Amino acid sequence: MYLHTGCHIAVSPDTKYFAVDWLGVEVTGATLGIVGMGSIGYKVAQRARAFNMRILYHNRNRRRKEEEEAVGAYYCAKMEDLLQQSDFVMLVVNLTPETHKLIGKKELGLMKPTATLINISRGAVIDQDALVEALQNKVIRAAALDVTYPEPLPRDHPLLNLNNVIITPHIGTATVQATRMMAEEAIENMLAVLNDQPIQSEVFPK
């Protein structure tokens, strides 16, 4: 939030000086709660460890002890425990019937009033009406959303008018390198099928 607003202040023609009491929240030493510790969630934990963050995670299946120790992560069997303790809550789950509106009014109410909710999974994992209410009433401090439902949001959606939310246009993997890697992996999978070989990243039917 401070980066977004700070950029506006820095370039605004109305800016005469920078306020000395305009303070953000420290990431180092803060508690990060990761909901969904698959391959992406685990990579998030690896990066958070570099900032000396305390890492909690909730997942359908607990990671092996050596994997937890490698990133200093602690398992929360109940998501409620993670929500109550975390300064930053990051959603990294697949969208399924079980995770649809996983975060609603009840879950937002369990979070710290100083907490930030980060969603890099799918927009429908959050009840957006409940999120708007929580942000308006300062139930949580802020939200950072790379995904919404729908995408893009209608131009009159209330989330677009709040000053404690950052929304980006689903660009979590939008780099030249990541796009090239995905294309190469798709080609490798197609060649594997044509040559009757094991598929590297097979999608298993439910």
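What you see is a predicted model, and the numbers here were worked out from it, not measured in a lab.
Between K105 and D127, no side-chain nitrogen of the basic residue sits less than 4.0 Å from a carboxylate oxygen of the acidic one, so the salt-bridge criterion is not met. Contact check on E68 versus R64 returns no salt bridge, with no Lys/Arg side-chain nitrogen under 4.0 Å from an Asp/Glu carboxylate oxygen.
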Could you list the donor-acceptor pairs under 3.5 angstrom formed between side-chain atoms of residues 76-83 and any protein atom two or more places apart in sequence or on another chain?
none

Quiz: residues 24-31 side-chain donor-acceptor pairs under 3.5 angstrom, not counting sequence neighbours:
none

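For the 3.5 Å distance criterion, the side chains of N119 and S121 qualify, holding a donor opposite an acceptor.
Between the OG1 atom of T116 and the CE atom of M111 there is a distance of 7.5 Å, given to the nearest 0.5 Å. Note that CE of M37 is 9.5 Å distant from CG of L56, once rounded to the nearest 0.5 Å. Remark: L153 CG to T148 OG1 distance equals 3.5 Å, nearest 0.5 Å. To the nearest 0.5 angstrom, I126 atom CD1 is 11.0 Å from E107 atom CD.
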Item to check | salt bridge (charged side-chain N to carboxylate O under 4.0 Å, His left out) assessment of R60 paired with E98 | outcome: CA-CA 11 Å; R60 284 179 300 178; E98 291 74 27; over 6 Å; no

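Between the T96 side chain and the T99 main chain, a donor and an acceptor come within less than 3.5 Å of each other. Side-chain atoms of T175 come within 3.5 Å of backbone atoms of A178 as a donor-acceptor pair (strictly under, hydrogens ignored). With Q128 contributing its side chain and Y149 its backbone, the two residues share a donor-acceptor pair below 3.5 Å.
For residues 71-119, the set of pairs meeting the ring pair (Phe, Tyr, Trp, His ring centres under 6.0 Å) definition, not counting sequence neighbours, comprises Y57-Y75.
Contact detail for L23 and V20: the closest heavy-atom pair is CD2-O, 4.4 Å.
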